[in-house]
Amino acid sequence: MTIRPLVILPDAVLRRTSEPVGPITPEIRTLVADMFETMYDAPGVGLAAIQVGVAKRVVTIDTSKEEGVREPRVFIDPEIVWSSEEKRLYDEGCLSIPEYYAEVERPDRVRVKFRDIEGREQEIEADGLLATCIQHEIDHLNGVLFIDHISKLKRDRVIKRFTKAAKRDAA
């Protein structure tokens, strides 16, 4: 397993739409293992493959809160098939937008269809943090960032800040 470098805003890679995975190959299994290693190292609760520069529809999530307990979940080619009318505000952050958090309103519950690491079709209903995380990561697969759900003024400020930092780091 390898910790892969994270793609950071304003990198245009984050705006790419990810492609379906197709067959579960050894390369996909390695990608998933590396994504978990990268996510845990960051540390974060979710990671989309595009955040490590791979435009495939793969998501890793672990929302376990207990110290020393891990509940890794893999979502391959995930698709939200239902979402609740009830909304929920959650203070979101993103490994690709380090140290920035903002309240985002999303459906409180979702039903998601996906394949597991063995390629088997699965469907789960999620609520709370898991539902928020699934929606956040699926957004990544579609080139959408959580800052796209906040006001244009706040979003523009964040993008400007990260663009300046990227120019400074490149110099």
Side-chain angles (χ1 to χ4, degrees), residues 3-21 28 31-32 34-63 72-84 86-114 124 126-170:
I3 295 171
R4 297 192 186 198
L6 290 166
V7 177
I8 305 295
L9 188 74
D11 196 318
V13 166
L14 293 171
R15 295 301 188 173
R16 287 183 58 194
T17 300
S18 297
E19 300 293 322
V21 170
I28 293 298
L31 172 64
V32 167
D34 290 354
M35 285 174 65
F36 274 118
E37 192 77 10
T38 304
M39 182 183 83
Y40 288 132
D41 180 68
V45 295
L47 189 67
I50 197 68
Q51 292 179 272
V52 292
V54 179
K56 291 288 185 185
R57 297 186 75 78
V58 178
V59 166
T60 56
I61 292 176
D62 188 340
T63 55
R73 298 172 186 250
V74 178
F75 299 82
I76 295 172
D77 296 327
E79 176 188 348
I80 295 172
V81 294
W82 173 84
S83 54
S84 67
E86 305 89 52
K87 304 287 185 198
R88 156 178 232 240
L89 275 177
Y90 196 84
D91 199 31
E92 293 188 29
C94 180
L95 296 177
S96 292
I97 310 173
E99 298 175 19
Y100 180 78
Y101 300 88
E103 277 197 340
V104 175
E105 184 179 60
R106 297 185 186 268
D108 183 49
R109 290 174 306 158
V110 294
R111 188 172 308 121
V112 63
K113 193 170 74 171
F114 62 98
I124 63 164
D127 63 3
L129 177 58
L130 180 58
T132 297
C133 196
I134 287 169
Q135 293 171 82
H136 177 112
E137 299 308 333
I138 289 175
D139 271 358
H140 272 299
L141 301 180
N142 297 320
V144 176
L145 302 174
F146 86 96
I147 59 173
D148 296 335
H149 296 282
I150 64 176
S151 75
K152 181 176 176 2
L153 179 66
K154 286 182 182 175
R155 180 173 54 253
D156 289 348
R157 282 186 190 152
V158 173
I159 291 169
K160 186 176 181 181
R161 184 171 108 202
F162 278 85
T163 301
K164 276 184 178 177
K167 285 179 182 170
R168 202 173 41 246
D169 293 346

Heavy-atom closest contact (Pro20 atom, Asp77 atom, distance) = CA-OD1, 3.2 Å
Backbone of Ile134 reached by a side-chain donor or acceptor of Glu137 within 3.5 Å | no
Enter the distance from Thr38:OG1 to Arg4:CZ here, rounded to the nearest 0.5 Å.
-> 7.0 Å
Quick one: does Thr132's side chain get under 4.5 Å of Tyr90's, heavy atoms only?
-> yes
Per the side chain to side chain contact (heavy atoms under 4.5 Å, CB included) rule, which among Ile138, Leu141, Ile124 passes with Phe75?
-> Ile124
In short, Gly93 meets His136 closest at the heavy-atom pair O-CE1, 3.3 Å
Exercise: do Arg57 and Asn142 side chains pair donor with acceptor under 3.5 Å = yes
Heavy-atom neighbours of Lys152 NZ exceed 12 at 6.0 Å | no
Determine whether Cys94 and His140 make a side-chain contact, defined as any pair of heavy atoms from C-beta on separated by less than 4.5 Å.
-> yes
Looking at Asp156 and Lys160, does any basic side-chain N land under 4.0 Å from a carboxylate oxygen?
-> no
Taking the side chain from Ser83 and the backbone from Val110, do they hold a donor-acceptor pair closer than 3.5 Å?
-> no
Would a 4.5 Å heavy-atom cut-off, applied to side chains only, mark Val54 and Leu31 as touching?
-> yes
Could you tell me whether the side chain of Leu6 reaches within less than 4.5 Å of the side chain of Leu47, counting heavy atoms only?
-> yes
Under the side-chain contact (heavy atoms from CB on, under 4.5 Å) rule, what do Met39 and Asp62 come out as? Steps first, then yes or no, please.
-> CA-CA 9 Å; Met39 182 183 83; Asp62 188 340; 3.7 Å; yes
Answer whether the closest heavy-atom distance between the side chains of Tyr40 and Pro72 falls below 4.5 Å.
-> yes
Of all heavy-atom pairs linking Leu95 and Ile8, the shortest is O-CD1, 3.5 Å
Listed once per pair and sorted, the salt bridge (charged side-chain N to carboxylate O under 4.0 Å, His left out) pairs that draw on residues 93-108, sequence neighbours left out | Arg88-Asp108, Glu92-Arg106, Arg106-Asp139
Ignoring hydrogens and angles, tell me if any N or O in the side chain of Arg155 forms a donor-acceptor pair with the backbone of Ile150 under 3.5 Å.
-> yes
Kindly indicate whether the side chain of Lys87, heavy atoms from C-beta on, has any atom under 4.5 Å from the side chain of Pro107.
-> yes
Can you check salt bridge (Lys or Arg N to Asp or Glu O under 4.0 Å) on Asp148 and Arg15, steps first, answer last?
-> CA-CA 11 Å; Asp148 296 335; Arg15 295 301 188 173; 2.5 Å; yes
Work out which heavy atom in Gly53 is nearest to a heavy atom in Val7; give both atom names and the distance.
-> N-CG2, 3.5 Å
Quick one: CZ on Arg73 to CZ on Phe114, what's the gap to the nearest 0.5 Å?
-> 8.0 Å
